[in-house]
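Shown next, in structure tokens, is the structure this report addresses.
Residue numbers begin at 1 in each chain, while the letters A, B, ... track the order of the sequences.
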Amino acid sequence: MSAQYSFTEIEKKWQRQWENTQLYAVDIDTNKPKYYVLDMFPYPSGSGLHVGHPLGYIASDIVARYKRLNGYNVLHPMGYDAFGLPAEQYAIQTGQHPAVTTEQNVQRFREQLNIMGFSYDWDRQVKTCDPNYYQFTQQIFALFFEHWYNKQTQKAAPIAQLIEHFQLHGSENFQAHGGKINPFTAQEWSEMSPLQQHEILNQFRLAFVDETTVNWCEAMGTVLANEEVVNGVSERGGYPVVRKKMRQWSLRITAYADRLLDGLNTLQWSDAIKEIQRNWIGKSQGAEIDFVVRGTLKTLKVFTTRPDTIFGATFMVVAPELENLSEYCSEDQWPIVQEYANKAKNRSEIDRMADTTKTGVFTGMEAINPFTGEPIPVWVSDYVLANYGTGIIMAVPAHDERDFAFAKTFDLNIVPVIKPANGELDLPLEQAYIAKDGICFNSGFLDGLSMKEAISTAIAKVEKAGWGQAKVNYRLREAGFGRQRYWGEPFPIVYNEEGIPQLIQELPVELPQVDSYKPTGNGESPLSAVTTWVNTPQGKRETDTMPGWAGSSWYFLRYTDPKNNEQLASPEALNYWQQVDLYVGGSEHATGHLLYSRFWTKFLFDLGIISWDEPFKRLVNQGMIMGEDGQKMSKRWGNVVNPDDVCAQYGADTLRMYEMFLGPLTDSKPWNTHGIEGVSRFFGKFWRLFYEGEQWAVSQEAPTPAELKILYKTIKKITEDIESMSFNTSVSAFMVATNELGALKCRKQEILETLLILMAPFAPHITEELWHQLGHSDSIHTANWPTYDSQYLVESSFNYPISINGKTRAQIEFELSTTEADIQAAVLSNELVIKWMEGKPLKKFILVKGRIINVVV
RNA sequence: GCUCGGGUGGCGGAAUAGGUAGACGCGCAGGACUUAAAAUCCUGUUUUCAGUAAUGAAAGUACGGGUUCGAUUCCCGUCCCGAGCACCA
């Protein structure tokens with residue numbers, strides 16, 4: 001025992017002890033309720049952690065410890081998202097194998113995390129780059145490959161079922177989510193070559209080969225995901241990105257668009273993240289309508305959300321990237337259209353975004369507006385996107401800004417069809433008139449209808465006349481799943497001599513050694529150079545690897561049974577631990593990791609592997625900790641604060657407590673080196689509740705009601721704060737309790753011991769030390785969370801502030817049992833009250849029990 | 001441009017089923033202990049005005065209105081900051 005609070009010694013001692021006794025190891029225990037608290041696992045970068053990283057880890061650790069003290073069996077694991085670009089870039093620079101550098105970084109992270117005293121069950125650590133782990137990432141990919149999405153049952157189903165349907169009924173009456181195919185009979189199916197059959201099945205597999213326009217980054221020699229491209233340049237490095245056609249694996253996430261949208265309503269996530277996902281999925285309801293090309297039998301199919309404005313559709317616009325563009329254009333105009341299309345294709349994303357002036361050319365064709373019967377010209381312009389809707393729009397310049405700008409540029413007809421409900425439009429229009437509450441005019445049978453009524457009436461008419469049907473559109477695109485990189489999961493795929501992909505049954509398919517990690521530059525991965533690996537008796541291997549998000553889309557399941565070599569996790573473990581109850585991490589993964597994890601979870605739910613279809617019940621996004629200068633913490637600004645240094649100088653408990661004290665968990669806030677002194681002093685004060693000078697001073701006396709009141713109000717406050725994750729106010733509650741007990745010179749074991757338990761989740765080391773000094777032999781982290789007697793918190797009297805006309809003028813103490821009449825009499829005879837009433841008559845007397853008294857004159 | 005957050009002392013931030021604004025901490029000022037320093041402890045600290053002082057008065061939660069006995073909290077408008085989306089028909 002030491003009379004001094006020497007945190008270095010204490011923290012090392014208990015960390016060693018906890019490790020030796022396996023204090024945080026958990027296992028299935030059906031006698032206890034489970035609780036699963038998870039941190040987003042980190043990418044083990046070479047620069048290690050700065051003080052911003054542990055913010056969320058500290059918060060989740062507090063909750064994990066709190067739940068344990070409340071009798072829960074808590075799963076609280078940690079691992080590493082270990083595949084990825086930085087390790088590979090480093091390999092390219094240094095020639096070291098990424099597995100080696102990654103392992104070094106993992107060791108470093110582990111040390112740093114241990115210094116801060118987290119209660120992880122390290123036995124459950126996972127690393128996505130470990131073959132024992134990624135064999136199941138490959139297995140899940142194989143399952144995607146072997147399934148299709150049945151729109152009727154809204155569920156994934158085995159591809160064999162679809163094949164059977166084709167064998168029996170051809171393409172009649174099947175409800176598969178996927179690409180377009182030409183109808184065929186059962187007979188025709190049986191006569192198709194394996195390659196033809198593959199090409200049809202490929203349209204429906206949930207993992208499929210897709211010819212897509214990808215974001216090609218020449219400098220990095222690879223394809224990037226949409227979210228890795230910001231304003232036309234790569235997120236990492238800022239290299240230019242161009243669009244390029246490429247064959248690569250994709251996952252059919254759009255099959256799950258509706259369920260991903262609906263599921264959001266069941267989640268305790270921030271509105272901001274839910275909104276970002278809703279926007280990303282981008283569901284919009286409208287109609288597909290066919291416009292007949294004048295003088296032909298051809299039609300142009302458009303998608304619109306505003307069929308109520310169709311009487312104002314005065315021209316049409318076709319996207320320049322459409323494959324069969326020549327069909328939408330007259331012969332003599334084709335050279336001009338083609339020239340325009342080529343120019344548009346080569347225009348970079350940056351250009352497009354920077355320049356919104358309208359360009360375009362006339363196709364030489366006219367279509368008939370089915371509602372007005374009038375011929376309208378068809379144009380090509382790059383303001384229409386090929387991959388949204390049908391790639392063709394009906395333009396309503398009077399009521400759409402973009403169409404209006406285009407019509408003005410090329411002097412096209414503008415016909416207003418919506419006007420204010422009470423009033424008239426100022427004509428001619430200076431800008432597009434966009435109103436949610438307008439009514440139709442100039443619109444035949446739609447005249448006088450509101451937007452909502454007109455939309456349904458117009459769609460009914462379209463459907464009845466056979467011109468089209470109601471249609472739902474999504475902004476969400478299929479998820480590109482191939483990277484031309486070395487450091488990722490290899491695909492369990494070989495292509496036979498016909499080029500048909502076949503699954504490799506034996507997993508894992510391990511990464512081979514390569515001589516160079518550099519991209520080949522021709523768009524292929526470094527793996528393609530390893531010919532001994534690529535060529536197998538069964539055919540050529542797929543040489544792309546999976547993207548970073550593959551391994552992170554299911555790791556939360558693996559923690560439940562991380563060493564299982566037969567299955568991704570045993571049904572027993574999955575059934576026991578189930579969903580993540582609380583997930584803590586940054587909000588930057590809103591449309592990546594969080595969406596993909598939900599997608600994979602729903603797929604595995606469909607297959608019956610798990611019994612829930614959302615991975616993370618409650619999500620909390622911790623804010624960023626900025627540098628002292630208010631800028632983002634980074635080497636570049638030289639403002640990085642290292643948690644190891646802070647722990648060495650002040651101790652881990654002080655770091656943990658201070659990070660919580662900085663402000664609300666979800667806010668961004670700057671680090672302040674002076675501020676930590678306050679928390680450090682607090683621990684000194686707290687320690688001195690137990691010691692007087694060199695002398696152990698805890699007494700066994702019975703506590704007084706005043707002391708119990710301090711304790712009980714603290715129990716109440718801390719319990720409520722942890723439940724609502726309001727940790728900053730918990731810290732101040734500990735300070736208040738310490739100040740108040742100090743003022744009362746209270747050193748009673750009964751009080752201090754309970755206070756230790758309350759503080760144990762926040763400051764696990766000092767509380768463990770003092771707990772043992774109080775004579776306990778078990779760990780404080782296995783104690784029981786205290787309850788309080790609310791009787792002690794009830795006040796018998798209250799010192800009322802007395803307001804006269806809303807201004808506080810006096811204070812009078814009353815027993816809470818005093819009747820209102822007695823209070824009123826006492827207040828009105830009070831000297832100060834009489835003075836401020838200035839002789840005016842009483843108008844109203846307001847008494848809010850236990851709160852305030854207001855005298856209105 | 002659209003959507004969602006948010007504007008409270010010198011600073012980080014408390015307090016909103018409407019009820020004493022500024023808890024707790026930092027910083028600052030003064031004091032105690034000490035030969036001295038560190039550490040520790042005590043006092044003060046929203047602003048302005050009056051007073052030697054105790055104290056008293058007025059204003060005050062981005063700005064302007066409204067509802068109410070009473071508004072940081074609810075409603076309307078304006079400005080500013082942050083985040084997300086962005087030619088998605």
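- Separation of the P atoms belonging to rU68(B) and rA89(B) is 43 Å when rounded to the nearest angstrom.
- In the set rA14(B), rC69(B), rC24(B), the nucleotide with an atom closest to the side chain of Ile846(A) is rC69(B).
- Nearer the 5' end of RNA chain B, as judged by each residue's closest nucleotide, is the contact made by Leu662(A), out of Leu662(A) and Val856(A).
- With rG19(B), rC26(B), rG25(B) as the candidates, the nucleotide lying closest to the side chain of Asn672(A) is rC26(B).
- Judged by distance alone, the side chains of Glu478(A) and Thr254(A) do bring a donor and an acceptor atom under 3.5 Å apart.
- Pair check for rG5(B) finds rC81(B); Watson-Crick or G-U wobble, both atom distances under 3.5 Å.
- Between rG70(B) and rG27(B), the distance separating the two P atoms is 42 Å to the nearest Å.
- Separating the P atom of rA39(B) from that of rC28(B) is a span of 12 Å, rounded to the nearest Å.
- What separates CH2 of Trp280(A) from C1' of rG84(B) is a distance of 11 Å, to the nearest Å.
- Taking the P atom of each, rU45(B) and rA53(B) are spaced 15 Å apart, rounded to whole Å.
- A ring pair (Phe, Tyr, Trp, His ring centres under 6.0 Å) with Tyr5(A) holds for exactly one of Trp687(A), Phe690(A), Tyr650(A), Phe682(A); it is Trp687(A).
- Within the nucleic acid shown, Ser803(A) has no heavy atom closer than 4.0 Å to any nucleic acid atom.
- Distance Arg278(A) CZ to rU3(B) P: 16 Å, rounded to the nearest Å.
- Comparing rA89(B), rU20(B), rA23(B) by their closest approach to the side chain of Tyr388(A) singles out rA89(B).
- Atom CD of Glu401(A) has 12 or fewer heavy atoms from other residues, nucleotides or ligands within 6.0 Å.
- Look at CD1 on Ile804(A): it is 13 Å from C1' on rU20(B), rounded to the nearest Å.
- Considering only side-chain N and O atoms, Ser284(A) lies under 4.0 angstrom from the phosphate OP1 or OP2 of rA89(B).
- Summarising the geometry, the separation between CD1 on Ile273(A) and P on rG5(B) is reported as 14 Å, rounded to the nearest angstrom.
- With both ends at atom P, the span from rU72(B) to rA21(B) equals 9 Å, rounded to whole Å.
- For rA21(B), the OP1/OP2 oxygens have no side-chain nitrogen or oxygen of Lys807(A) closer than 4.0 Å.
- Annotation: Lys283(A), atom NZ; neighbour count of heavy atoms from other residues, nucleotides and ligands within 6.0 Å is above 12.
- Arg475(A) contributes a side-chain N or O that, together with a main-chain N or O of Asn279(A), makes up a donor-acceptor pair within less than 3.5 Å.
- Straight-line distance between the P atoms of rU46(B) and rA54(B): roughly 14 Å, to the nearest whole Å.
- The distance from atom OG1 of Thr818(A) to atom CG of Leu816(A), rounded to the nearest 0.5 Å, is 7.5 Å.
- Using Watson-Crick or G-U wobble geometry with both donor-acceptor distances under 3.5 Å, rA89(B) finds no partner in any strand shown.
- Close to rG25(B), at under 4.0 Å from its OP1 or OP2, lies a side-chain N or O of Asn739(A).
- Atom CZ in Arg477(A) sits roughly 14 Å away from atom C1' in rC85(B) (whole-Å rounding).
- Checking rA58(B), rA89(B), rU20(B) against the side-chain heavy atoms of Leu385(A) singles out rA89(B) as nearest.
- The partner of rA57(B), taking Watson-Crick or G-U wobble pairs whose two distances both stay under 3.5 Å, is rU48(B).
- With hydrogens and angles left out, the side chain of Lys358(A) and the base of rC87(B) share a donor-acceptor pair within 3.5 Å.
- Contact annotation: Asn728(A) does not reach the phosphate of rC24(B) (side-chain N/O to OP1 or OP2, under 4.0 Å).
- Rounded to a whole Å, the CG atom of Leu832(A) is 15 Å from the P atom of rU55(B).
- Among the heavy atoms of the strands lying under 4.0 Å from Trp836(A) are primed sugar atoms or P, OP1, OP2 only; no base atom is included.
- The side chain of Asn854(A) approaches rC69(B) more closely than any other nucleotide in the set rG12(B), rC69(B), rA89(B).
- Contact annotation for Val736(A): backbone-only contact, meaning every heavy-atom pair under 4.0 Å involves sugar-phosphate atoms and none involves a base.
- Atoms CG and OG1, from Asn854(A) and Thr808(A) in turn, are 8.5 Å apart once rounded to the nearest 0.5 Å.
- Within the nucleic acid shown, Ile276(A) comes within 4.0 Å of sugar-phosphate atoms alone, with no base atom in reach, counting heavy atoms only.
- For the ring pair (Phe, Tyr, Trp, His ring centres under 6.0 Å) criterion with Phe315(A), the lone passing option out of Phe406(A), Phe404(A), Phe410(A) is Phe406(A).
- Atom P of nucleotide rU8(B) and atom NZ of Lys669(A) are separated by 16 Å, given to the nearest angstrom.
- In this structure rG10(B) sits in a base pair with rC26(B), meeting the Watson-Crick or G-U test at under 3.5 Å.
- Phe814(A) has its ring centre no less than 6.0 Å from the ring centre of Phe798(A).
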Distances for protein N or O near nucleotides 39-41 of chain B N or O, under 3.5 Å:
from: rU40(B); atom 1: O3'; to: Arg688(A); atom 2: NH2; distance (Å): 3.2

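- Between the P atom of rC87(B) and the OH atom of Tyr383(A) lies a distance of 13 Å, rounded to the nearest Å.
- For Thr305(A), taking side-chain heavy atoms from C-beta onward, the closest of the listed nucleotides rA89(B), rC26(B), rG25(B) is rA89(B).
- For rG10(B) and rC85(B), the P atoms lie 36 Å apart once the distance is rounded to whole Å.
- The nearest heavy atom of RNA chain B to Thr808(A) and to Gly389(A) marks one nucleotide each, and the one closer to the 5' end goes with Thr808(A).
- Rounded to whole Å, the P atom of rG12(B) lies 35 Å from the corresponding atom of rG51(B).
- Glycosidic conformation at rG70(B) (O4'-C1'-N9-C4 for purines, O4'-C1'-N1-C2 for pyrimidines): anti, more than 90° from 0.
- Between Arg475(A) and rA86(B) there is a side-chain polar atom (N or O) within less than 4.0 angstrom of OP1 or OP2.
- For Arg851(A) and rA15(B), the shortest distance from a side-chain N or O to OP1 or OP2 is not below 4.0 Å.
- Figure legend. rC69(B) is base-paired to rG19(B); pairs are counted as Watson-Crick or G-U wobble with both atom distances under 3.5 Å.
- Applying side-chain contact (heavy atoms from CB on, under 4.5 Å) to Gln622(A) and the options Asp667(A), Ile58(A), Thr666(A), Leu665(A) leaves one that passes, Leu665(A).
- When each of Lys713(A), Lys745(A), Lys709(A) is tested with Glu740(A) by the rule salt bridge (Lys or Arg N to Asp or Glu O under 4.0 Å), just one qualifies, namely Lys713(A).
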